[in-house]
Amino acid sequence: MIKKILFKTFYFISPVILILSLLLTNPDQYSDPLIMMTMMMGALGYTWISLQFVLSARPKFIEIPFGMDKIYRFHGIMAVVAILFAIVHAIVNEQVIGESIITTIGTLALILFVLISLLTMLSMTPSFILKYRPFKWLKKTIESWKKFTYEQLRFIHNFTIVAFVVLNIHVLLTPSARNSIFITVLYIVYFVVSISFYLYHKFIKPVHLKNNKYLVTDVIKENDAVWSIKMQSTKKQLKKHIPGQFAFFSFKNEKNKILEHPFSISSSPDDDLSITVKELGDFTKTIGQIKVNDPVFVEGPFGVFSYIAHPEELETVFIVGGIGITPIMSMLKYMSKHDPNRKVLLIWGMNTMADQVAKEMFKEIAAKMKNLTIIPVISKDNTYDGEKGYINQKMIQKLVDKVQINQSVAGYYICGPSILMNLCIDALSAMGIRKKRVHFEKFAL
Ligand SMILES: Cc1cc2nc3c(=O)[nH]c(=O)nc-3n(C[C@H](O)[C@H](O)[C@H](O)COP(=O)(O)OP(=O)(O)OC[C@H]3O[C@@H](n4cnc5c(N)ncnc54)[C@H](O)[C@@H]3O)c2cc1C
């Protein structure tokens with residue numbers, strides 16, 4: 001909690017350091033309120049753009065208190081906020097001061113940031129802007145011209161570093177920097193810190209990753225589209241995870257290129273590492289081709305989606321859609337050994353019963369946990385003799401009442417497609433469940 005407050009405070013007041021320094025070193029230049037206002041906009045934009053490189057490097061000191069998905073969401077929102085401040089700064093500046101080589105360089109950096117961020121929001125993340133028609137149309141138009149793979153999008157996203165270098169040339173050429181060695185040094189410090197995080201993330205971390213080499217020990221076909229991959233460490237053991245966490249797994253593809261993807265760890269921390277993967281896109285469609293003894297590089301663990309992180313909760317309700325079961329598999333396996341008497345309700349949405357994975361494992365867990373109730377909810381098989389349709393508020397309330405979950409001590413864990421997650425978060429809120437008792441993991445960063 002303290003770490004969260006400290007980080008948020010630092011993040012939001014960080015531009016003040018630059019604003020005050022600019023004001024104190026150039027009092028005459030900023031006596032005009034309009035020029036002062038545009039400088040403040042620029043400083044807000046500059047500082048928060050610089051901090052984007054710290055956030056996206058996934059440093060542990062930020063990831064541990066917040067969780068990776070929240071960090072990436074915040075990274076996305078703050079990129080937009082910072083760019084908006086920079087746009088206002090650029091427009092007002094050009095009106096007040098006029099065009100010059102300095103403003104042209106600033107505008108160039110801004111255009112690069114806008115283009116890259118737009119492409120990211122349209123094609124790389126499940127962004128809120130896709131709710132709006134013009135953006136939907138733009139996404140379609142771009143995709144009809146070229147359908148980028150996730151790896152290509154990530155490569156293009158790296159060009160933000162070029163935009164950042166151009167932005168720093170812009171700020172270093174401004175009169176405030178040229179007239180004050182202190183301001184020049186301050187900009188250089190911001191630049192060096194941000195670039196260091198970027199370089200560490202892109203070049204040094206992958207070298208360290210080689211120490212986290214695992215070898216595949218088993219490849220199991222769970223059903224038509226889902227595979228489990230078991231692996232064992234060859235060198236350094238991954239830092240012990242808590243059940244429910246995820247990691248980045250890098251496999252070599254057929255072209256010997258290493259591709260990194262996030263997957264929840266589906267094994268218990270007591271067992272060998274394993275993941276359970278659904279065939280979905282370019283990489284996961286090839287997951288069944290992985291062979292025993294293939295190398296896997298693992299970075300992690302990450303995330304805070306775990307009942308272990310909430311010892312105040314005494315009962316647990318899992319609400320899951322499809323492959324969203326993977327972090328729950330890890331938690332249930334761990335619970336069956338360390339807390340077998342816990343009251344647990346698992347509501348598991350699937351198209352048909354054929355989508356169920358790890359049947360044997362669930363049988364073993366059910367035999368050990370007498371207070372575990374598993375309710376499959378089947379949406380695409382009318383002949384199914386049980387809960388049918390899609391999970392909704394009425395159904396959750398009915399099942400929670402039936403199992404006699406004590407709302408005041410229960411934690412709720414949701415994982416699955418965005419549509420199910422949003423619906424369940426709203427449903428639990430309407431049922432009066434406090435926000436801090438509702439936890440969710442999005443399978444998108
Ligand atoms: C925290 C987390 C845990 C996950 N756990 C599981 C799991 O246990 N089992 C499972 O089957 N899937 C899981 N996923 C989803 C899985 O990472 C994607 O399905 C997979 O990366 C898709 O890759 P692709 O090349 O096959 O698909 P593509 O068609 O290339 O991509 C489809 C979508 O997957 C996402 N994606 C692709 N590559 C990456 C990447 N390197 N980093 C982040 N997102 C990416 C993007 O949102 C993209 O739009 C998890 C995702 C996250 C973020």
Side-chain angles (χ1 to χ4, degrees), residues 56 58 63 66-73 75-76 119-127 130 139 142-143 147-158 201-202 206 209 220-231 241-251 253-255 257-267 273-290 296-306 320-333 350 355 357-358 413-418 421 439-445:
S56 57
R58 307 174 197 153
E63 198 279 329
F66 290 96
M68 174 99 57
D69 55 340
K70 288 205 181 78
I71 299 290
Y72 271 96
R73 263 204 309 283
H75 166 66
L119 186 64
T120 304
M121 290 203 293
L122 290 176
S123 306
M124 214 174 162
T125 59
S127 168
L130 291 170
K139 181 181 165 79
I142 294 175
E143 283 178 358
K147 182 117 180 63
F148 292 104
T149 64
Y150 192 84
E151 301 306 319
Q152 287 168 332
L153 289 165
R154 213 149 73 161
F155 179 75
I156 296 171
H157 194 74
N158 283 337
H201 179 54
K202 292 284 168 192
L209 202 62
I220 303 156
K221 190 169 170 55
E222 297 281 357
N223 63 31
D224 276 355
V226 178
W227 300 79
S228 282
I229 312 288
K230 286 194 174 173
M231 53 200 98
H241 63 101
I242 55 170
Q245 284 190 299
F246 70 97
F248 284 89
F249 293 82
S250 304
F251 296 89
N253 70 359
E254 64 281 4
K255 289 177 198 141
K257 240 183 97 195
I258 291 184
L259 300 177
E260 172 202 82
H261 287 266
F263 294 111
S264 294
I265 300 167
S266 55
S267 51
L273 201 62
S274 78
I275 53 175
T276 302
V277 177
K278 181 166 182 174
E279 293 178 5
L280 186 95
D282 299 335
F283 165 70
T284 46
K285 284 229 163 85
T286 66
I287 195 88
Q289 294 164 23
I290 285 171
V296 191
F297 302 97
V298 186
E299 184 196 350
F302 294 106
V304 285
F305 184 66
S306 178
V320 173
I323 196 63
I325 194 69
T326 52
I328 315 308
M329 284 163 69
S330 175
M331 286 195 251
L332 280 175
K333 269 190 237 176
M350 288 174 274
D355 290 343
V357 295
Y413 293 77
I414 315 170
C415 190
S418 299
M421 302 233 308
H439 318 284
F440 50 89
E441 182 81 280
K442 281 197 173 150
F443 275 6
L445 294 174

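In listed order, ligands and their atoms are each counted from 1. Everything numeric here is computed off the predicted structure, so don't read it as measured data.
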Chemist: Answer with yes or no whether Ile323 contacts ligand 1, where contact means a heavy atom under 4.0 Å from a ligand atom.
Modeler: yes
Chemist: Between Thr276 and ligand 1, which residue portion shows a heavy-atom distance shorter than 4.0 Å: side chain, backbone, both, or neither?
Modeler: backbone
Chemist: Report yes if some N/O of Phe443 lies less than 3.5 Å from some N/O of ligand 1; otherwise report no.
Modeler: no
Chemist: Out of Tyr72, Phe305, Phe246, Phe283, whose heavy atom is nearest to atom 1 (C) of ligand 1?
Modeler: Phe246
Chemist: Between Gly281 and ligand 1, does any nitrogen or oxygen pair lie at a separation below 3.5 Å?
Modeler: yes
Chemist: Hey, which atoms in ligand 1 end up nearer than 4.0 Å to a heavy atom of Leu280?
Modeler: 19 (O)
Chemist: Run the numbers for me: atoms of ligand 1, each under 4.0 Å from some heavy atom of Thr326, listed by number.
Modeler: 7 (C), 8 (O)
Chemist: Record the part of Met68 in heavy-atom contact with ligand 1 below 4.0 Å; permitted values are side chain, backbone, both and neither.
Modeler: neither
Chemist: Looking at Lys139, I want to see if its NZ is surrounded by more than 12 non-hydrogen atoms of other residues, nucleotides or ligands under 6.0 Å.
Modeler: yes
Chemist: Taking all non-hydrogen atoms of both residues into account, name the closest pair between Phe305 and Met331 and its distance.
Modeler: O-CE, 3.6 Å
Chemist: Where the side chain of Thr286 meets the backbone of Gln289, is there a donor-acceptor pair that is under 3.5 Å apart?
Modeler: no
Chemist: Which of the numbered atoms in ligand 1 are under 4.0 angstrom from any heavy atom belonging to Val277?
Modeler: 11 (O)
Chemist: Is there a polar contact between ligand 1 and Glu260, counting only N or O atoms under 3.5 Å apart?
Modeler: yes
Chemist: Look at atom NZ of Lys221 and say whether more than 12 heavy atoms of other residues, nucleotides or ligands are closer to it than 6.0 Å.
Modeler: yes
Chemist: For the residue pair Thr120 / His157, report whether a side-chain donor-acceptor contact shorter than 3.5 Å exists.
Modeler: yes
